[in-house]
Student: 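I have a structure I would like to understand better, so I am pasting it below and will then ask my questions one at a time.
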2 protein chains.
Amino acid sequence: MDTLGATFAALSDPTRRLIVDRLTRGPAPVSELARPFAMSQQAISKHVAYLERAHLIQKRRAGRQHLCALNPAALRAVALWAESYRRVWEKNFQRLDALLEEMKTSKKRRRITRRASQ
Amino acid sequence: MDTLGATFAALSDPTRRLIVDRLTRGPAPVSELARPFAMSQQAISKHVAYLERAHLIQKRRAGRQHLCALNPAALRAVALWAESYRRVWEKNFQRLDALLEEMKTSKKRRRITRRASQ
DNA sequence: CGTATCCACAACCGTATGGTTGTATATTTT
DNA sequence: AAAATATACAACCATACGGTTGTGGATACG
């Protein structure tokens, strides 16, 4: 998968988003990341590996512990992607919202239009 | 899956991101969304359904055509999520970057430290 | 009418995900 | 040296993904 796609995929899981959330408050060993979850250590280990593959975090051995830290670059890539689109939507926002509203009421509007044109 | 997770999952596929990209330039029927891809109509139909399940797009029947339009709210949710984290990272950015740099060179630093301390 | 067009549903296939359990490895502790 | 701790690897399972082919249902066209 492409890099951005891997990042999105990694963030699609709620457990992994909670891990990311925890790491915004500073690095932590895997055991501490696992603590809040009712899940095996191995499951968390796999989630961490997934986040690492997506370059969202980096690990470092410190004795027996494997300290994890966020990689801000990957998160920034997501923010930049979303931001780049947000500029476009904000510009067309009223137009799109109006269109969606029209879609919802299109049947009624058509009926009215037909009646009005007779 | 939770809503935000579904949105991230939908955006993890490059084909679907290209479809979203196309739709930022205005609504389009499924056939037009399918045109750029070397893929069956049914495959695109499934991608569109996936995007619709994630509330990233809305569809409207217009004769034989099914017109698709972006739902700005879902995209905005992604932008807001990423933005909320960005504030945290930006604040800690130098600190985190420094930490990651230290992680990369930790072995060397340890060796030097050990040698220096002898 | 019949036919072509736009689209979705269904079944299938290979692969990945998210979890489990069991086990192995490296390190610290005693 | 032995035991405990922190973590990963491997095999397994059910489910979902991303694609295919085949088919059917609306709608427009001649």
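Just so it is clear, the values below take in all heavy atoms, side chains as well, and ignore hydrogens, waters and symmetry mates. Just so it is clear: chains get the letters A, B, ... in the order the sequence lines come, proteins before strands, and each one is counted from 1. In this text, all values refer to a predicted model and were calculated from it rather than measured experimentally.
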Student: Going by modelled atom types, is there a donor-acceptor pair between the base of dA6(D) and the side chain of Gln41(A) at under 3.5 Å?
Tutor: no
Student: May I ask you to test the Arg17(B)-Asp2(A) pair for a side-chain heavy-atom distance under 4.5 Å?
Tutor: yes
Student: Could you tell me the separation between the CD atom of Gln41(A) and the OG atom of Ser31(A), rounded to the nearest 0.5 Å?
Tutor: 9.0 Å
Student: Which residues in residues 28-35 of chain A have a heavy atom closer than 4.0 Å to any atom of DNA chain C?
Tutor: none
Student: Restricting to non-hydrogen atoms, name the atom on Cys68(A) and the atom on Leu23(A) that form the minimum distance, rounded to 0.1 Å.
Tutor: O-CD2, 3.6 Å
Student: Measuring only between side-chain heavy atoms, which start at C-beta, is Glu32(A) closer than 4.5 Å to Arg22(A)?
Tutor: yes
Student: Is any side-chain heavy atom of Leu18(B) closer than 4.5 Å to one of Phe37(B)?
Tutor: yes
Student: Provide, to the nearest angstrom, the distance between the CZ atom belonging to Phe37(A) and the P atom belonging to dG18(C).
Tutor: 13 Å
Student: Check whether any side-chain nitrogen or oxygen of Ser45(A) sits under 4.0 Å from OP1 or OP2 of dT7(D), and answer yes or no.
Tutor: no
Student: Is the phosphate of dT20(D) approached by Ser40(B) (side-chain N or O, under 4.0 Å from OP1 or OP2)?
Tutor: yes
Student: Take the protein atom CE of Met1(B) and the nucleotide atom P of dG19(C), then report the distance between them rounded to whole Å.
Tutor: 11 Å
Student: What's the closest nucleotide to the side chain of Lys46(B) if the choices are dA8(D), dG18(C), dG18(D)?
Tutor: dG18(D)
Student: Can you find a donor-acceptor N/O pair under 3.5 angstrom joining the side chain of Gln42(B) to the base of dG19(D)?
Tutor: no
Student: Rounded to whole Å, please give me the gap between CD in Glu52(A) and C1' in dC9(D).
Tutor: 15 Å
Student: Taking the side chain of Lys59(B) as its heavy atoms from C-beta onward, which of dC7(C), dT7(D), dA8(D) lies nearest to it?
Tutor: dC7(C)
Student: If you only use heavy atoms from C-beta on, which nucleotide in dA8(C), dA11(D), dC29(D) is closest to the side chain of Arg64(B)?
Tutor: dC29(D)
Student: Select one nucleotide: of dG22(C), dG18(D), dT20(C), the one nearest the side-chain heavy atoms of Arg16(B).
Tutor: dG18(D)
Student: How are the rings of Phe8(B) and Phe8(A) set to each other: parallel, tilted or perpendicular (split at 30° and 60°)?
Tutor: tilted
Student: Between Asp2(B) (CG) and dG18(C) (P), how many Å, whole number?
Tutor: 12 Å
Student: Taking CG from Leu11(A) and P from dT17(C), how many angstroms apart are they, rounded to a whole number?
Tutor: 14 Å
Student: Okay, side chain of Arg16(A), backbone of Leu11(A): is any donor-acceptor separation there less than 3.5 Å?
Tutor: no
Student: Could you give the NE2-to-P distance, from His47(A) to dA16(C), as a whole number of Å?
Tutor: 18 Å
Student: Write down the atom of Pro29(B), the atom of Leu67(B), and the distance for their closest heavy-atom approach.
Tutor: N-CD2, 3.4 Å
Student: Please tell me if His66(A) has a side-chain N or O lying less than 4.0 Å from either OP1 or OP2 of dA26(C).
Tutor: no
Student: To the nearest Å, how far apart are Leu51(B) CG and dC17(D) C1'?
Tutor: 14 Å
Student: Whole angstroms only, please: what is the CZ-C1' distance between Arg60(B) and dA26(D)?
Tutor: 17 Å
Student: From the options dG18(D), dG19(C), dA26(D), select the nucleotide whose nearest atom is closest to the side chain of Arg61(B).
Tutor: dA26(D)
